[in-house]
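Quick note: numbers below take in every heavy atom, side chains included, and nothing from hydrogens, waters or symmetry partners. Each chain gets a letter, A, B and so on, in the order its sequence line appears, and its residues count up from 1.
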There are 2 protein chains.
Amino acid sequence: MARTAAGRRPAAKPRRRSAADRRRQVVAAARRIVLREGFEALTMRRVAALAGVSAAALYLYFPDRLSLMAAVADDLFEGLLAAMRAAVARAEGDPDPRARLHAVMTAYLDWGLTHPDEYRVIFMTPITGVAGHQPGEPGVPAAPTGQATFAALQAEVARLIALGVFRPAEPQVVAEAIWAAGHGLVSLLITKPGFPWSPRDRLIGTLADALCRGFSAG
Amino acid sequence: MARTAAGRRPAAKPRRRSAADRRRQVVAAARRIVLREGFEALTMRRVAALAGVSAAALYLYFPDRLSLMAAVADDLFEGLLAAMRAAVARAEGDPDPRARLHAVMTAYLDWGLTHPDEYRVIFMTPITGVAGHQPGEPGVPAAPTGQATFAALQAEVARLIALGVFRPAEPQVVAEAIWAAGHGLVSLLITKPGFPWSPRDRLIGTLADALCRGFSAG
DNA sequence: CGTTCAGATGAACGACGTTCATATACCGGC
DNA sequence: GCCGGTATATGAACGTCGTTCATCTGAACG
């Protein structure tokens, strides 16, 4: 009953707001919650309240909470993708081809560490029923923006291999390994802040250098 | 009201079990739940029921749910530590010093992938209030067994550096990077089972080889 | 104007973590 | 042997969560 005046029904052109628009509006509200109140506040009731809808209405657009979070993740992915693209563009003219990969990696790590709540939504949201889950049958549909982000990394790796800078290998596997290593660093720093970590800069540099060296030819 | 006959009050010798024993009993019940019903079932009420106590009684031994989970994590850590020790012992006589590290790494990865629920308790339990958390001020006390596990990895790295197999570096940083990379692989495979991953064996081998090569001298 | 029907709602359900007044069982002092 | 004090455990309760459902509403169509 809170703000029905604005939210209940847009009087004039009522059905001009399609279901897809409503969906977007809900996702936008959810994103605002993550940004302003953090990961823990990402709740169906909270999202509904901020979107000016009842909690039950969310289930008209998303079958359950995990699907909503998947949509939010896809939305938040754009921030990460933009940061990585910007880093690549910045390193565009660098003569060392490795610098591009290094830029992509550090951009990923920096973004994750400066946006921990968003990172948790995107990459650390647990999947229900891990034990009985079948790989290859996604419980939640994959996010297109996320696929684009991984594709960018994979393309970067493929280029390095084609140039002979990296030793011959399947770009897919190498990209997955690099992604996993970076994700491990970010997620561990987020999940275990009490561990006596070495300085972050040193940690990031050590891991990025080791991976570059490890995949390099020669 | 279910099984009060057996659980409500142990009539005969109630106080012969000291507080520490009670704590252990609760942790044992929690571990059984993780093993038999999975991570999602690790609930205060469920643990209490299996331990034959009321839910409120848990708060006599643990200030909150996260502290209970920390104790469970320390308990589960022994399984991982044993697996890693066994792998090291198996590779004891190998002439290649890198083989020991390789054994430790693959033991870690294998254990995590074959015990996803336990792995989630140990390494993927989210910390409350990430946003405002101060690194260095642990929200939950560190698990001694966990420290021992990391120390084993660090010692392995230090030995490789001392032997000149690895290039000179601080063992602490290198061990952290290796741990992070391995954790990333395990946690991503657990959290994103829908992603079109390369075969696990190939993934594990690629990452382990790249890290070994990346930190090696020469 | 009357009917139909998708869209939205409030209330409710069961489960969760956590708290609290209450009751019980033990233990030292008489 | 009894008694009061104290630690220990409890059931009930609070507020919140995800989710479901009968009900209502208001636009669209004849």
Side-chain angles (χ1 to χ4, degrees), chain A residues 1-23 25-26 29-30 33 37-70 72 125-129 139-140, chain B residues 1-23 25-26 29-30 33 37-70 72 125-129 139-140:
Chain A
M1 189 82 80
R3 57 206 57 203
T4 46
R8 191 199 286 270
R9 201 64 58 90
K13 313 273 184 125
R15 298 289 296 285
R16 287 280 63 81
R17 285 250 172 311
S18 70
D21 279 345
R22 283 293 216 187
R23 239 187 88 108
Q25 169 187 349
V26 169
I33 290 206
E37 306 182 40
F39 175 85
E40 326 281 346
L42 188 53
T43 284
M44 296 302 261
R45 287 177 153 92
R46 281 246 236 237
V47 171
L50 187 59
V53 213
S54 76
L58 300 186
Y59 292 85
L60 297 174
Y61 308 110
F62 304 95
D64 54 13
R65 192 180 90 102
L66 240 56
S67 301
L68 205 194
M69 293 191 70
V72 177
T125 296
I127 299 299
T128 58
V140 168
Chain B
M1 192 79 79
R3 58 206 56 204
T4 44
R8 190 198 285 272
R9 202 65 57 90
K13 311 267 184 149
R15 296 288 297 287
R16 287 277 65 81
R17 289 250 170 309
S18 73
D21 279 345
R22 282 293 216 188
R23 237 188 90 109
Q25 169 186 350
V26 168
I33 290 206
E37 306 182 40
F39 176 85
E40 326 281 347
L42 188 53
T43 283
M44 296 302 261
R45 286 176 151 94
R46 281 248 238 237
V47 171
L50 186 59
V53 214
S54 76
L58 301 186
Y59 292 86
L60 298 174
Y61 308 111
F62 305 94
D64 54 14
R65 193 179 89 102
L66 240 55
S67 301
L68 205 194
M69 293 190 69
V72 177
T125 297
I127 300 298
T128 58
V140 168

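Dashed line: the shortest gap from a side-chain N or O of B/Tyr61 to OP1 or OP2 of D/dA7 is not under 4.0 Å.
Annotation: side chain of B/Met69 is not in contact with side chain of B/Phe62 (no heavy-atom distance under 4.5 Å).
Interatomic distance, A/Thr43 OG1 to A/Leu58 CG, rounded to the nearest 0.5 Å: 11.0 Å. Put simply, CZ on B/Arg23 and CG on B/Leu60 are 12.0 Å apart, with the number rounded to the nearest 0.5 Å.
Between the CD atom of A/Gln25 and the C1' atom of C/dG7 there is a distance of 14 Å, rounded to whole Å. When the P atom of D/dC21 is taken as reference, atom CG of A/Leu58 falls 17 Å away, rounded to whole Å. The separation between A/Leu60 atom CG and C/dT9 atom P is 8 Å, rounded to whole Å. Rounded to whole Å, the distance from CZ on B/Phe62 to C1' on D/dA9 is 16 Å. For B/Arg23 and D/dA9, the CZ to C1' distance is 18 Å, given to the nearest whole Å.
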Contacts under 3.5 Å, N or O only, protein and nucleotides 18-20 of chain D:
| unit_1 | atom_1 | unit_2 | atom_2 | d |
| --- | --- | --- | --- | --- |
| D/dG18 | OP1 | A/Met44 | N | 3.3 |
| D/dG18 | OP2 | A/Met44 | N | 3.0 |
| D/dG18 | N7 | A/Arg45 | NH1 | 2.4 |
| D/dG18 | O6 | A/Arg45 | NH1 | 3.4 |
| D/dG18 | O6 | A/Arg45 | NH2 | 3.0 |
| D/dT19 | OP2 | A/Tyr59 | OH | 2.8 |
| D/dT19 | OP2 | A/Arg65 | N | 2.8 |
| D/dT19 | O5' | A/Tyr59 | OH | 3.3 |

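For DNA chain D, runs of at least 3 consecutive pairs of the Watson-Crick or G-U wobble type, with both hydrogen-bonding distances under 3.5 angstrom, map to C:1-30 with D:1-30.
In terms of heavy-atom proximity, A/Ala29 sits nearest to A/Leu50 at O-CD2, 3.4 Å. A/Ala51 approaches A/Gln25 most closely through the heavy-atom pair O-NE2, 3.2 Å. Scanning all heavy atoms of the two residues, the minimum distance from B/Leu42 to B/Arg65 falls at O-NH1, 3.4 Å.
Judged as a side chain to side chain contact (heavy atoms under 4.5 Å, CB included), and not counting sequence neighbours, the contacts of B/Ala41 are B/Ile33, B/Glu37, B/Arg46.
Within the structure, side chain to side chain donor-acceptor pair (under 3.5 Å) pairs that include any residue of residues 55-64 of chain B comprise B/Asp64-B/Ser67 (at least two apart or interchain).
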